[in-house]
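Heads up: the structure comes next, in structure tokens.
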Amino acid sequence: MNAARSHSPQLAVVIPTYNERGNIAELLLRINQALPDTHWEAVFVDDDSSDGTAAAVRDIGRNDPRVRCIQRIARRGLASAVIEGMMATAAPFIAVMDADLQHDESLLPVMLQTLESTNVDLVIGSRLVAGGENQNLSRGRRWASEFSSKLARILLDIHVKDLMSGYFMLRREVLDELVRNLSGVGFKILLDILASAPRTLTFVELPYRFRSRHSGESKLDSNAAVALAMTVIAKKLGWLISPRLVAFLVVGGFGVIVHFAVLTSAMKVAKLEFVIAQSIATLVAMTSNFVINNLFTYRDVRLRGWKWLSGWISFTVTCSFGALANVGVASVLFHERFSWSLSALAGILIGTAWNYGVTRWHTWQLK
Ligand SMILES: Nc1nc2c(ncn2[C@@H]2O[C@H](COP(=O)(O)OP(=O)(O)O)[C@@H](O)[C@H]2O)c(=O)[nH]1
Ligand SMILES: [Mg+2]
């Protein structure tokens with residue numbers, strides 16, 4: 001009994017893999033070196049990679065019982081892979097780490113020590129706190145990741161700097177508290193965890209240098225902002241479907257009618273050029289939406305006088321960004337080969353969610 005206990009792992013490192021064969025041996029070597037005094041196990045979750053990743057893991061596992069592989073057939077998805085890996089271990093501490101050696105393994109003992117010696121729920125490997133580094137991410141992805149973190153701060157009240165981090169460690173009990181709420185979609189499991197917790201999780205962000213990929217190629221060129229939007233929609237639907245939202249949507253629908261009425265008369269009657277007519281129609285529709293929302297949707301916090309004017313500016317600026325997000329998301333999805341109608345719908349949904357969330361908070365100053 002005692003002998004068995006002394007060998008049960010204290011820490012499980014969950015590693016999702018998709019075509020990472022060339023990284024497995026080196027990764028395990030480094031984990032082993034980083035954790036000389038810890039009983040650890042590595043749980044790989046492989047989605048039936050065509051390069052034989054799972055077989056490579058099992059080969060090592062035959063000589064090293066600390067190494068296991070869950071091979072999922074006909075499944076794909078980073079978040080769901082991580083969840084299944086975390087649920088397959090009995091270890092009281094669970095780390096999640098990429099296979100490609102971008103995550104500095106020397107942080108593992110520091111993360112473990114932090115969880116063991118304090119009562120924080122979660123330790124996050126961070127590229128964005130002092131001492132951390134993010135040089136090996138393209139500028140576009142860096143921007144998307146920082147932008148998403150800002151958005152999450154506003155929309156979800158989550159204050160993690162490196163919210164898109166895929167490198168973190170948590171306690172088993174914390175996972176048990178929230179695992180049934182996880183959406184499991186997309187690839188940002190940390191965000192999913194933070195947004196799914198029934199209470200505000202406490203966390204520490206530890207800096208590390210994000211390295212460039214060792215072998216193989218990135219599977220996740222998609223946009224962090226899209227991932228965030230997916231989580232926001234999944235998590236916040238309950239909050240979104242409120243009387244105010246319904247009113248906001250009805251007013252928005254009316255705005256479309258206003259838009260087309262103004263556009264048609266500007267082109268047909270006043271003979272203006274399309275671009276000019278479209279701009280006028282947009283501004284008129286935004287203004288009428290603002291006026292009606294101010295009268296009905298937000299009648300209890302109605303803006304008057306100078307506040308009306310600054311509210312109008314806040315509303316039109318916000319909705320312009322909403323339109324940009326709409327077009328941006330739709331083009332990303334369309335580029336990723338989703339159908340045009342689905343892409344457009346997703347764009348409209350995200351643009352509307354943005355407009356509603358931000359104007360509610362900024363224009364009408366509601367928490
Ligand atoms: N099981 C599983 N792992 C995945 C999937 N997509 C990516 N991964 C793994 O998740 C980790 C992060 O992916 P990566 O391509 O490095 O993303 P990046 O670091 O954001 O470029 C790597 O270990 C990948 O092999 C998937 O669909 N299923
Ligand atoms: Mg990577």
Side-chain angles (χ1 to χ4, degrees), residues 12-28 30-31 42-58 67-89 94-105 107-108 124-128 132-149 162-168 182-193 208-228 230-231 332 336:
V13 185
V14 172
I15 305 152
T17 56
Y18 194 71
N19 292 335
E20 301 285 3
R21 188 187 177 99
N23 293 320
I24 305 300
E26 177 66 21
L27 175 67
L28 286 168
R30 294 198 193 182
I31 292 177
V43 181
F44 288 84
V45 187
D46 183 66
D47 284 351
D48 206 17
S49 304
S50 56
D51 72 345
T53 303
V57 174
R58 281 193 294 266
V67 177
R68 296 195 280 134
C69 180
I70 298 171
Q71 184 175 3
R72 308 196 303 172
I73 308 296
R75 305 269 305 276
R76 265 309 291 278
L78 178 49
S80 64
V82 168
I83 294 168
E84 280 163 50
M86 295 194 294
M87 296 315 286
T89 178
I94 305 171
V96 175
M97 182 179 201
D98 286 3
D100 56 11
L101 306 171
Q102 287 186 298
H103 296 157
D104 182 355
E105 63 288 336
L107 203 61
L108 286 170
I124 300 164
S126 177
R127 299 162 287 192
L128 302 175
E133 237 181 72
N134 206 6
Q135 291 313 316
N136 290 307
L137 216 55
S138 72
R139 252 177 70 200
R141 287 188 66 178
R142 212 149 66 201
W143 180 86
S145 135
E146 281 162 28
F147 175 75
S148 307
S149 300
D162 192 357
L163 192 57
M164 296 298 139
S165 176
Y167 190 23
F168 58 90
L182 292 172
S183 65
V185 295
F187 51 85
K188 290 306 171 188
I189 181 74
L190 175 62
L191 174 62
D192 200 358
I193 287 175
Y208 77 98
R209 283 187 53 197
F210 189 69
R211 295 185 293 229
S212 55
R213 184 170 249 286
H214 182 70
S215 161
E217 53 195 47
S218 168
K219 286 98 213 166
L220 305 178
D221 266 338
S222 342
N223 200 317
V226 177
L228 176 78
M230 273 163 67
T231 303
V332 168
E336 296 283 346

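As the structure lists them, so they are numbered: ligands from 1, and atoms in each ligand from 1.
- Taking any N or O of Pro16, backbone or side chain, at least one lies under 3.5 Å from an N or O belonging to ligand 1.
- For ligand 1, one of its N or O atoms has an N or O atom of Glu20 under 3.5 Å away.
- Note on ligand 1: Arg213 sits in its first shell, one or more heavy atoms being nearer than 4.0 Å.
- By heavy-atom distance, the residue among Ile15, Thr17, Asp48, Asp98 lying nearest atom 3 (N) of ligand 1 is Thr17.
- Contacts between Gln102 and ligand 1, counted as non-hydrogen atom pairs separated by less than 4.0 Å, involve the side chain only.
- For the pair Phe210 and ligand 1, the shortest N or O to N or O distance does not fall below 3.5 Å.
- When Arg76, Glu84, Gln71 are checked for heavy-atom proximity to atom 27 (O) of ligand 1, Arg76 turns out nearest.
- Residues Tyr18 and Arg76 have side chains in contact (heavy-atom distance under 4.5 Å, counting atoms from C-beta outward).
- Ion pair Arg72/Asp47 flagged as a salt bridge, since at least one NZ, NE, NH1 or NH2 atom sits closer than 4.0 Å to an Asp/Glu carboxylate oxygen.
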Query raised in the report: Stepwise, does the side-chain contact (heavy atoms from CB on, under 4.5 Å) test hold for Arg68 with Phe44?
Result: CA-CA 6 Å; Arg68 296 195 280 134; Phe44 288 84; over 6 Å; no

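- For the pair Gly77 and ligand 1, a heavy-atom separation below 4.0 Å is found.
- Proximity of Val45 to ligand 1, defined as any heavy-atom pair under 4.0 Å, is confined to the backbone N, CA, C and O atoms.
- For Ser165 (side chain) and Ser126 (main-chain N/O), no donor-acceptor pair under 3.5 Å exists by modelled atom type.
- Residue contact check: Asp100 has heavy atoms under 4.0 Å from atoms 16 (O), 19 (O) of ligand 1.
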Report task. Would you check, one step at a time, whether the test side-chain contact (heavy atoms from CB on, under 4.5 Å) holds for Leu78 with Ile189? Result -> CA-CA 8 Å; Leu78 178 49; Ile189 181 74; 5.9 Å; no

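- The shortest N or O to N or O distance between Asp46 and ligand 1 is not under 3.5 Å.
- The existence of a salt bridge linking Arg211 and Asp104 is confirmed by a sub-4.0 Å separation between a basic side-chain nitrogen and an acidic carboxylate oxygen.
- Each protein N/O/S atom under 2.8 Å from the Mg ion (ligand 2) was counted, for a total of 2.
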